[in-house]
Colleague: 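Let me begin by handing over the structure; questions about it come next.
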Amino acid sequence: MKKHIITLITVVFIGTSCSANPIITNTNLSLSDKKATPETIALYHKLHQLTQKGYMFGHQDDLAYGVNWKYEDGRSDIKEVVGDYPAVYGWDIAGLEKDDVNNIDGVPFEKMKQYIKEANARGGISTISWHFDNPATGKNAWDNTPNSLKTVLPGGENHQKFTTWLDKAAHFFLSLKDKKGKNIPILFRPYHELTGGWFWWGKGNCTPEEFKSLWKFTFDYLQKKGVHNLIYIYNTSSFSSEQDFLTNYPGDHYADILSFDAYQNNDDKQGGKFIEEVQSQLKIINEIGIKQHKLIAIAEAGYEAIPDPKWWTGTLSRAIGDYKISYVLLWRNHGWQEKEQKMHYYAPYSGQISEKDFIEYYKLDKTLFEKDINKK
């Protein structure tokens, strides 16, 4: 059963802190931004400590909308099922580069800021990705015209345009402040799913050296702009070896968390292939993480519409197994998609077929939701 008694939580945290001294030393060495704010360093330490208890559950756009609702203060599909919010909230800032009012999924940026601040005040953690447009063609992120990335590197024809995009991102990150005026720490996951070829920064559309140059430039540029509240996440899609995972890796001084994305497909109804693949990939990045003193995570996961009533305890929990990951984030609960004529969601809502199993998943000691990571 979950341990929600405040005194017990306090004891657990004190015990974890005492036993985790070597881990805390390592975080000081491996946090890539050497000018990171005290709050960002504290969050990084906390992430390390929490892996001794279990792994955090996250959900994309959780506070903004769910199945059959949108922009209702305090509402969450997850909270309606288990009475608790996710520990991690996922957001995307695509659209920011074009000065759009709303992001790629229609969420107003002002509301996104509000949700990030509300979650932070409760002790929740936010992670941000960026499906930004192809700067070479003006088309969306999925326009994988070869060599587009090359044009944004220093000396490239779109370099100046790209730096203005980074300026807008920097302004956004620095606008995220708590009630004391301190910058809210963010888990930043740029250039995600880089081993796939579907994005303009992905495999086959640039060389590994070009990708590393872009990553390092982004990292250095944001810091020059005074952004020191980011924890950087290196993220791939599927991979089959350590070499495959690290081909585009910019180096230990430029990344803090190693992660990959994994989805179960409809041709794998029993989940066997999903479990096998996730276990195989966790084995690889766990070994890398131990060697290089990095946290590991599953930055996106899910099974669309969750048709398996026992998916949470029977498939996802088994796929993660005993690996000490920082978090797993389920994709968004959009609901009905008119264009595709199907339901598009990845977390249960009240009445959904896997709801009861999700409650059992929530009760597991190793699954951490917002109340579990909140020391108050």
Side-chain angles (χ1 to χ4, degrees), residues 1-13 16 43 46-67 72-91 115-127 184-187 257 259 295-303 306 310-333 345-350 352 354-376:
M1 287 294 290
K2 283 259 179 216
K3 304 175 184 69
H4 287 320
I5 302 170
I6 293 174
T7 52
L8 185 53
I9 289 175
T10 305
V11 170
V12 170
F13 254 88
T16 305
L43 175 59
K46 182 176 180 176
L47 295 179
H48 270 269
Q49 290 170 349
L50 286 170
T51 61
Q52 306 310 304
K53 293 178 66 179
Y55 62 86
M56 297 183 291
F57 178 86
H59 188 212
Q60 187 76 6
D61 287 350
D62 183 81
L63 299 173
Y65 54 81
V67 177
E72 296 183 26
D73 286 349
R75 193 168 180 184
S76 155
D77 281 348
I78 298 299
K79 188 172 186 292
E80 288 184 4
V81 172
V82 296
D84 196 357
Y85 289 106
V88 178
Y89 300 85
W91 306 101
Y115 297 138
I116 290 171
K117 291 175 183 179
E118 286 175 1
N120 179 72
R122 289 195 304 266
I125 298 164
S126 288
T127 178
I184 295 170
I186 297 292
L187 309 183
I257 299 176
S259 71
L295 290 168
I296 63 172
I298 303 175
E300 284 183 36
Y303 186 12
I306 327 155
K310 297 285 188 182
W311 190 77
W312 302 100
T313 60
T315 300
L316 181 62
S317 186
R318 286 176 59 200
I320 296 170
D322 295 324
Y323 285 105
K324 291 186 180 298
I325 68 171
S326 178
Y327 71 91
V328 59
L329 181 136
L330 278 290
W331 204 238
R332 66 199 190 105
N333 276 19
Y345 61 86
Y346 292 88
Y349 56 90
S350 187
Q352 202 272 335
S354 72
E355 178 185 14
K356 288 182 180 178
D357 189 57
F358 187 75
I359 293 170
E360 294 307 308
Y361 174 79
Y362 171 77
K363 290 176 182 177
L364 296 174
D365 285 338
K366 66 181 179 180
T367 57
L368 307 177
F369 286 68
E370 195 173 80
K371 288 177 184 175
D372 299 310
I373 69 166
N374 193 338
K375 290 187 281 187
K376 294 174 184 176

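Please read all numbers here as calculations on a predicted model, not as lab measurements.
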Colleague: Within the side chain of T51, is there an N or O that forms a donor-acceptor pair under 3.5 Å with the backbone of H48?
Modeller: yes

Colleague: Could you pull out the closest heavy-atom pair between Y89 and L329, with the gap in Å?
Modeller: C-CD1, 4.2 Å

Colleague: Between S350 and V81, which heavy-atom pair has the shortest distance, and what is it?
Modeller: N-CG2, 3.8 Å

Colleague: May I ask you to check whether Y85 and F369 place their ring centres under 6.0 Å from each other?
Modeller: no

Colleague: Restricting to side-chain hydrogen bond (donor to acceptor under 3.5 Å, both in side chains), what partner residues turn up for S317, sequence neighbours left out?
Modeller: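 side-chain hydrogen bond (donor to acceptor under 3.5 Å, both in side chains) list for S317, sorted by chain: K366.
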
Colleague: Which distance, rounded to the nearest 0.5 Å, do you find between the NZ of K53 and the OG1 of T367?
Modeller: 11.0 Å

Colleague: Could you list the residues that satisfy salt bridge (Lys or Arg N to Asp or Glu O under 4.0 Å) with R318, not counting sequence neighbours?
Modeller: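 Applying salt bridge (Lys or Arg N to Asp or Glu O under 4.0 Å) to R318 gives none.
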
Colleague: What heavy-atom pair brings I257 and A297 nearest, and what distance separates the two atoms?
Modeller: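 That would be CG2-CB, 4.1 Å.
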
Colleague: Which pair of heavy atoms, one from L330 and one from G302, lies closest together, and at what distance?
Modeller: CD1-CA, 3.5 Å

Colleague: In Å, rounded to the nearest 0.5 Å, how long is the span from CD1 of I116 to CD1 of I125?
Modeller: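 Going from CD1 on I116 over to CD1 on I125, the span is 13.0 Å.
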
Colleague: Can you sort out the partners of E118 under salt bridge (Lys or Arg N to Asp or Glu O under 4.0 Å), two or more places apart, ordered by chain and number?
Modeller: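 None.
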
Colleague: Is the distance between the ring centroids of F358 and Y362 under 6.0 Å?
Modeller: no

Colleague: Which pair of non-hydrogen atoms, one from Q352 and one from I306, has the smallest distance, and what is that distance?
Modeller: NE2-O, 3.0 Å

Colleague: Report yes or no: does D77 contribute a side-chain atom to a donor-acceptor pair with the main-chain N or O of P348 at less than 3.5 Å?
Modeller: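 Answer holds: no.
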
Colleague: For the side chain of K371 and the backbone of G83, is there at least one donor-acceptor N/O pair under 3.5 Å apart?
Modeller: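 Side chain of K371 to backbone of G83: a pair is present.
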
Colleague: Looking only at atom types and distance, does a side-chain atom of T127 sit under 3.5 Å from a main-chain N or O of L187, one as donor and one as acceptor?
Modeller: yes

Colleague: Quick check: closest heavy atoms across L316 and V328, and the distance to 0.1 Å?
Modeller: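 In terms of heavy atoms, the two residues are closest at CD1-CG2, 4.5 Å.
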
Colleague: Evaluate the ring planes of Y303 and W311, with Trp represented by its six-membered ring, and classify them as parallel (under 30°), tilted (30 to 60°) or perpendicular (over 60°).
Modeller: tilted

Colleague: Taking only residues two or more places apart in sequence, or in another chain, which ones meet E355 in a salt bridge (Lys or Arg N to Asp or Glu O under 4.0 Å)?
Modeller: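 Counting only residues at least two positions away or on another chain, E355 forms no salt bridge (Lys or Arg N to Asp or Glu O under 4.0 Å).
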
Colleague: At what distance, to the nearest 0.5 angstrom, does OH of Y327 lie from CD1 of I320?
Modeller: 12.0 Å

Colleague: Without placing hydrogens or testing angles, list every side-chain donor-acceptor pair under 3.5 Å for residues 55-65, not counting sequence neighbours.
Modeller:
{"residue": "Y55", "atom": "OH", "partner": "Y361", "partner atom": "OH", "Å": "3.0"}
{"residue": "H59", "atom": "ND1", "partner": "D62", "partner atom": "OD1", "Å": "2.8"}
{"residue": "H59", "atom": "NE2", "partner": "W331", "partner atom": "O", "Å": "3.1"}
{"residue": "H59", "atom": "NE2", "partner": "N333", "partner atom": "OD1", "Å": "3.2"}
{"residue": "D61", "atom": "OD2", "partner": "Y65", "partner atom": "OH", "Å": "2.4"}
{"residue": "D62", "atom": "OD1", "partner": "S76", "partner atom": "OG", "Å": "3.2"}
{"residue": "D62", "atom": "OD2", "partner": "S76", "partner atom": "OG", "Å": "2.7"}
{"residue": "Y65", "atom": "OH", "partner": "R332", "partner atom": "NH1", "Å": "2.8"}

Colleague: Compare all side-chain heavy atoms of D84 with those of I78 and state whether any distance is below 4.5 angstrom.
Modeller: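 Of all side-chain heavy-atom pairs linking I78 with D84, none is under 4.5 Å.
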
Colleague: Taking atom CG of N120 and atom OG of S126, what is their separation to the nearest 0.5 Å?
Modeller: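 Separation between the atoms: 7.5 Å.
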
Colleague: Just how far is it from atom CG of D372 to atom CG of D365, taken to the nearest 0.5 Å?
Modeller: 9.0 Å

Colleague: If the condition is side chain to side chain contact (heavy atoms under 4.5 Å, CB included), which residues does K310 pass it with, not counting sequence neighbours?
Modeller: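 Side chain to side chain contact (heavy atoms under 4.5 Å, CB included) list for K310, sorted by chain: D308, D357.
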
